[in-house]
Amino acid sequence: MSTLWQSRYAQRNQRMGRSIIRELLKFTQQPDLISFAGGMPAPELLPAERAQDAACRILSEHGSQALQYGPTEGFPPLREFICERMNRYGITAKPGNVFLTTGSQQALDLIGKLLINPGDRVLVEEPTYLGALQAWNAYQAEYVSVPSDDHGLRTDLLEEALRVGPKFMYILPNFQNPGGTTLPLERRLDLVQLSNKYGIPLVEDDPYGALRYEGENLPPLVALDADFQAETGQDGHGFMEGNVVYLGTFSKTLAPGLRIGWVCAPEEVIDRLVMGKQGADLHSSGFDQMLAYEMVKDGFMDEHIQVLRKVYGARRDVMLAALARYFPAGCSWTRPEGGLFLWARVPEWIDTAEMLGEAVQAKVAYVPGFAFFPDPERGRNTMRLNFSNAQPEQIEEGIRRLGGLLRAKISRHNRTEGVISLSEE
Ligand SMILES: Cc1ncc(COP(=O)(O)O)c(C=O)c1O
């Protein structure tokens with residue numbers, strides 16, 4: 001008798017679905033389609049030659065180490081390097097507070113494994129990173145969503161949401177994915193203060209923090225929390241015993257194909273996450289970690305980030321100018337200070353998921369906004385637009401095509417409305 005697979009799947013599969021972005025990426029591979037859909041770095045800026053030289057050196061000088069099993073926590077020099085980088089942003093962690101994951105996507109999964117019982121609530125921003133929802137749906141999470149405005153999470157609405165008793169809060173303070181928003185200092189302080197008041201931990205996801213194109217860096221929640229603990233005399237066990245689990249990644253600043261992310265957290269939490277990782281994959285690729293370290297150890301990271309800032313900052317400006325030129329009245333968008341995305345709103349009655357088919361026919365793609373909401377009925381008139389991956393002239397042309405589609409839709413709609421109102425008169 002052949003297996004009836006449907007009857008064998010564990011309950012957690014019911015909420016698991018394919019990522020709409022990964023599905024979209026399949027058909028956005030068509031060469032003539034302009035894609036604003038993925039969150040991908042500019043291909044021409046990926047440091048392939050540097051990786052090639054580094055790979056040759058590693059294999060000839062440390063080949064047997066690179067190809068052997070390694071520690072779950074990750075390659076020690078890379079952990080130290082990460083501590084030194086985080087220090088620049090006021091995070092004074094020790095290597096024992098840091099462990100390496102297979103991209104920060106794995107960190108999200110491990111956090112779910114560690115913290116979420118079926119039915120537990122996770123407090124998220126609305127909209128939020130859909131990869132986190134995808135990871136935590138598998139652990140049968142429920143969500144408490146708090147609305148955002150052009151400055152990120154509305155912390156004035158937070159306390160009421162916290163009364164529902166979420167297990168933890170998931171926050172993207174810098175150049176949010178998908179919103180492109182940056183949380184101002186006062187809101188960061190609100191978050192830390194409320195997290196401490198209610199004893200509800202914060203998961204701070206920061207893949208884009210280094211990609212700032214204007215303005216000054218703001219302190220990460222993990223650093224503000226450490227200050228708060230010290231000021232209120234709760235820091236009895238030294239730094240990093242606090243309320244925040246911080247996630248970083250090399251995906252946006254070096255190369256996503258290396259799949260290297262990290263978690264910075266109290267040692268007790270790291271210890272637990274490491275156990276979860278051992279069950280998942282023993283450790284992330286040792287070769288990739290050594291490769292990343294070899295690529296960045298002599299100051300390359302700073303030079304490279306300068307280049308990324310310049311190129312992506314200019315592409316952001318091209319997209320903003322094109323939106324102003326081609327998008328019709330009734331549309332609005334965020335103005336990100338960094339990162340890879342901006343968030344556009346179109347008139348209420350336009351469903352961007354339905355419009356995507358027409359957009360792809362016009363050879364342009366975006367991610368419909370509903371994908372970033374736990375409730376897929378929300379955000380139907382929004383879209384996420386990426387500006388790092390396409391060339392400036394493609395950005396201009398892609399926004400022109402989208403603007404054309406929107407204008408045509410709006411004028412059809414107005415004509416229909418006009419006919420109705422005339423016939424009603
Ligand atoms: C907010 C956020 N978190 C996590 C990730 C996962 O990144 P990676 O697994 O490549 O480190 C992404 C990728 O786009 C992201 O935008």
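Whatever order the structure lists them in is the order used to number ligands and atoms, beginning at 1. Heavy-atom basis, side chains included; hydrogens, waters and symmetry copies ignored.
Y366 contributes no side-chain N or O that, together with a main-chain N or O of A359, makes up a donor-acceptor pair within less than 3.5 Å. Without hydrogens or angle criteria, S104 side chain to L247 main chain gives no donor-acceptor distance under 3.5 Å.
If you run side chain to side chain donor-acceptor pair (under 3.5 Å) between S195 and each of N243, D225, D190, only N243 comes through. Tested against Y143 for a side chain to side chain donor-acceptor pair (under 3.5 Å), the candidates N137, D375, T128 yield a single pass: N137.
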Exercise for review: Might you work through the side chain to side chain donor-acceptor pair (under 3.5 Å) test for Q176 and T181, ending with a clear yes or no?
Suggested key: CA-CA 5 Å; Q176 205 245 20; T181 53; 4.5 Å; no
Distance dump, ligand 1 polar atoms to protein, N/O, under 3.5 Å:
unit_1, atom_1, unit_2, atom_2, d
ligand 1, 3 (N), D205, OD2, 2.6
ligand 1, 7 (O), S104, OG, 3.4
ligand 1, 9 (O), S104, N, 3.1
ligand 1, 9 (O), Q105, N, 2.9
ligand 1, 9 (O), R259, NH2, 2.8
ligand 1, 10 (O), S251, OG, 2.6
ligand 1, 10 (O), R259, NH1, 2.8
ligand 1, 11 (O), S104, N, 2.7
ligand 1, 11 (O), S104, OG, 3.1
ligand 1, 11 (O), T249, OG1, 2.6
ligand 1, 11 (O), S251, OG, 3.2
ligand 1, 14 (O), Y208, OH, 3.3
ligand 1, 14 (O), K252, NZ, 2.9
ligand 1, 16 (O), N177, ND2, 2.7
ligand 1, 16 (O), Y208, OH, 2.5

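The salt bridge (charged side-chain N to carboxylate O under 4.0 Å, His left out) pairs that include a residue from residues 107-123 are D120-K167, where partners are two or more places apart or lie in different chains.
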